[in-house]
Amino acid sequence: MRNILAAKPSITQLEIDYVTDAVTNGWGTCCYDYLKKLKETLQNYYDVKYACPTSSCHGALHIVLKALGIGCEDEVIVPDITWVGSVFPITWLGAKPVFVDVLPDSWCIDPERVVAAITPKTKAIIVVHLYGNLVEMDEIIKIAEDFNIPVIEDFAEAVGSEYKKRRAGGIADIGVFSMHGTKTLTAGEGGAIITSREDLAKKISIIENLGRYPDKHIMYWVDEVGLKYKMSNLQAALATAQFERVDILVERKRCIFSRYKELFSNVPDITMNIEQDYCKNSYWMPTVVFGKSWNFNRDALVRQMCSDGIAIRPFFYPVSMLPMYENASENLVAYRLYDRGINLPSYYDMSEDDLEHVVENMLLNLGRCC
């Protein structure tokens, strides 16, 4: 039986050479060589002054929220449709995530709902560029300026996406992203923080270094409580090689989505990832949302497809639907989207036959899962 994964990285001899070099020579005085290279690569690619590789996007966001002074009784606005990694760090710091609805076309946070959710306790806004789609950043930045609230871009799923010719992640006060093995570019596991705000960069540099001040060189002396979410030099070697191929990897994602769109072109009452005229979507996860005329069981469809060797994924649940949070069913778009959305397999070496096989089986199994 053919086995089509949901996602997997593209690994070439370049990645193998860099990681081999890091394993062989990246010790002692050379133990940070690839971390330094990765920092420079990120600064140049995103046109920012500061970059901090981390062990995960979750860790990156935890550091950022702590640097912003987020704590008990504070509120942080987040979209209701996202992965929990965008939310849990808020909870760990004792703050309250305030879930707002998303737009029906981009599935990203609704700026009007953001305004309505702001209170005197609001200390940050987290926006998520979902599945490669772009948040309406001009509107979000204007809101942030009007209310003097910092904005964090979670672009874990949008490396290579662009909003008005600016790369996602480098638009707001600060950006965090993921280099998990399922992402367009990978370090195996990993993430990073990027920003051009010197005040935040200074705080981040202390927190992520276990609370040690960078200008002090007293062995084992710690000045404040910090965190440790460091990326290893080995991971940085892999990530550096991946970023040297970033344009190729993103373009392949775009080609895969384009072919899926062609294959679904005659299927009625569906929508797929949006690309506004002023945006470039990197299409990390090609997604199809079935309209009301389709009567099917999403979970049954996922199980059937996976049993057939095709690893599709369901759309994210609204985070407020999960048991640890208060239900926010007033977020009507989010609560209507989740059980009608399917993520399609997408990785570099998928063939034309693979793509056709996915769509043919999807349409066949939809009838079985009513």
Side-chain angles (χ1 to χ4, degrees), residues 42-43 45-51 57 60-61 64-65 68 76-83 85-87 90 97-118 122-178 183-184 191-197 200-201 246 250 253-254 273-285 287 316 331 333-334 337:
L42 294 175
Q43 288 166 352
Y45 184 74
Y46 290 105
D47 191 24
V48 294
K49 295 179 181 178
Y50 179 85
C57 186
L61 184 56
V64 167
L65 291 171
L68 289 170
V76 179
I77 292 173
V78 291
D80 208 350
I81 291 285
T82 184
W83 177 234
S86 307
V87 182
I90 303 168
V98 177
F99 299 105
V100 303
D101 210 352
V102 296
L103 295 169
D105 53 358
S106 69
W107 319 320
C108 295
I109 199 164
D110 184 337
E112 290 187 8
R113 300 291 182 177
V114 171
V115 174
I118 292 173
T122 304
K123 296 298 186 292
I125 300 167
I126 297 174
V127 300
V128 180
H129 300 294
L130 194 75
Y131 302 140
N133 298 357
L134 278 299
V135 174
E136 294 295 345
M137 289 305 298
D138 281 355
E139 295 178 49
I140 294 295
I141 296 299
K142 178 65 166 58
I143 293 166
E145 290 173 347
D146 289 345
F147 289 89
N148 193 28
I149 300 171
V151 175
I152 303 164
E153 279 184 86
D154 180 340
F155 65 110
E157 302 172 12
V159 172
S161 289
E162 296 179 8
Y163 176 85
K164 297 186 177 180
K165 299 185 178 180
R166 297 182 66 186
R167 290 195 169 107
I171 303 169
D173 295 271
I174 198 158
V176 296
F177 76 103
S178 170
K183 297 301 188 290
T184 303
I193 304 164
I194 60 171
T195 186
S196 289
R197 280 187 51 174
L200 288 178
V246 60
V250 170
K253 284 283 191 179
R254 288 176 58 79
N273 308 58
I274 187 176
E275 183 177 68
Q276 303 96 319
D277 292 342
Y278 43 87
C279 293
K280 175 183 176 181
N281 195 325
S282 60
Y283 299 118
W284 168 63
M285 192 65 74
T287 300
F316 290 137
N331 293 333
V333 177
L337 270 175

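- Surrounding CZ of R113 are at most 12 heavy atoms belonging to other residues, nucleotides or ligands under 6.0 Å away.
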Practice problem: Take F155 and Y163, measure what ring-ring contact (aromatic ring centres under 6.0 Å, His included) needs, and give me the verdict at the end. | Solution: CA-CA 12 Å; F155 65 110; Y163 176 85; over 10 Å; no
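- For H129 against E157, the heavy-atom pair with the smallest separation is O-CB, 3.7 Å.
- In this structure the side chain of V128 never reaches within 4.5 angstrom of the side chain of F316, judged on heavy atoms.
- Looking at heavy atoms from C-beta onward, L103 lies out of side-chain contact with I274 at the 4.5 angstrom threshold.
- Distance alone, capped at 3.5 Å, is enough to place a donor-acceptor pair between the N273 side chain and the T287 backbone.
- A side chain to side chain contact (heavy atoms under 4.5 Å, CB included) with I126 is found for exactly one of I90, V151, T82, V64, namely I90.
- Contact annotation: the side chain of C108 never approaches that of V127 to less than 4.5 Å [non-hydrogen atoms, C-beta and beyond].
- Using a 4.5 Å heavy-atom cutoff, the side chains of S86 and V78 are not in contact.
- Annotation: the span from T122 atom OG1 to I77 atom CD1 amounts to 4.5 Å, rounded to 0.5 Å.
- A pairwise comparison of heavy atoms in A192 and L42 identifies CB-CD1, 3.8 Å as the closest pair.
- Here S161 pairs with S282 under the side chain to side chain donor-acceptor pair (under 3.5 Å) rule; sequence neighbours left out.
- A distance of 12.0 Å separates CE in M285 from CG in N133, rounded to the nearest 0.5 Å.
- If you take CG on L130 and CH2 on W83, they are separated by 13.0 Å, rounding to the nearest 0.5 Å.
- Minimum heavy-atom separation, Y45 to G160: OH-CA, 3.8 Å.
- Remark: side-chain polar atoms of N281 are not paired, donor with acceptor, to backbone N or O of E275 under 3.5 angstrom.
- A cation-pi arrangement is present between K164 and Y278 under the rule of less than 6.0 angstrom and at most 45 degrees off the ring axis.
- For the atom pair CG (D146) and CD1 (I118), the distance works out to 8.5 Å, reported to the nearest 0.5 Å.
- With sequence neighbours excluded, the residues forming a side chain to side chain donor-acceptor pair (under 3.5 Å) with N331 are D80, listed by chain and number.
- Across I143 and P111, no two heavy atoms sit closer than the pair CD1-O, 3.4 Å.
- Side chains of T195 and V48 form no contact here, defined as non-hydrogen atoms less than 4.5 Å apart.
- Using modelled atom types, no side-chain atom of E153 and backbone atom of A168 make a donor-acceptor pair closer than 3.5 Å.
- Residues V76 and P97 form no side-chain contact, since every pair of their non-hydrogen atoms from C-beta on lies 4.5 Å or further apart.
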Quiz item: Can Y46 and V159 be said to form a side-chain contact (heavy atoms from CB on, under 4.5 Å), step by step?
Solution: CA-CA 10 Å; Y46 290 105; V159 172; 3.6 Å; yes
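- Between D138 and K142, no side-chain nitrogen of the basic residue sits less than 4.0 Å from a carboxylate oxygen of the acidic one, so the salt-bridge criterion is not met.
- A pairwise comparison of heavy atoms in K183 and S178 identifies CG-OG, 3.7 Å as the closest pair.
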Practice problem: Evaluate the side-chain contact (heavy atoms from CB on, under 4.5 Å) criterion for residues E145 and I141: first the C-alpha distance (whole Å), next the side-chain angles of each, then the deciding distance (0.1 Å), finally the verdict. | Solution: CA-CA 6 Å; E145 290 173 347; I141 296 299; 3.7 Å; yes
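- Closest non-hydrogen pair, V176 versus L61, comes out as CG1-N, 4.1 Å.
- One distance of note links CG of D154 with CD1 of I109; it measures 11.0 Å at 0.5 Å rounding.
- Residue-environment remark: CD (Q276) exceeds the threshold of 12 foreign heavy atoms within 6.0 Å.
- The shortest side-chain heavy-atom distance between V102 and D110 does not fall under the 4.5 Å cut-off.
- Using a 4.5 Å cut-off on side-chain heavy atoms (C-beta onward), I125 and F147 make no contact.
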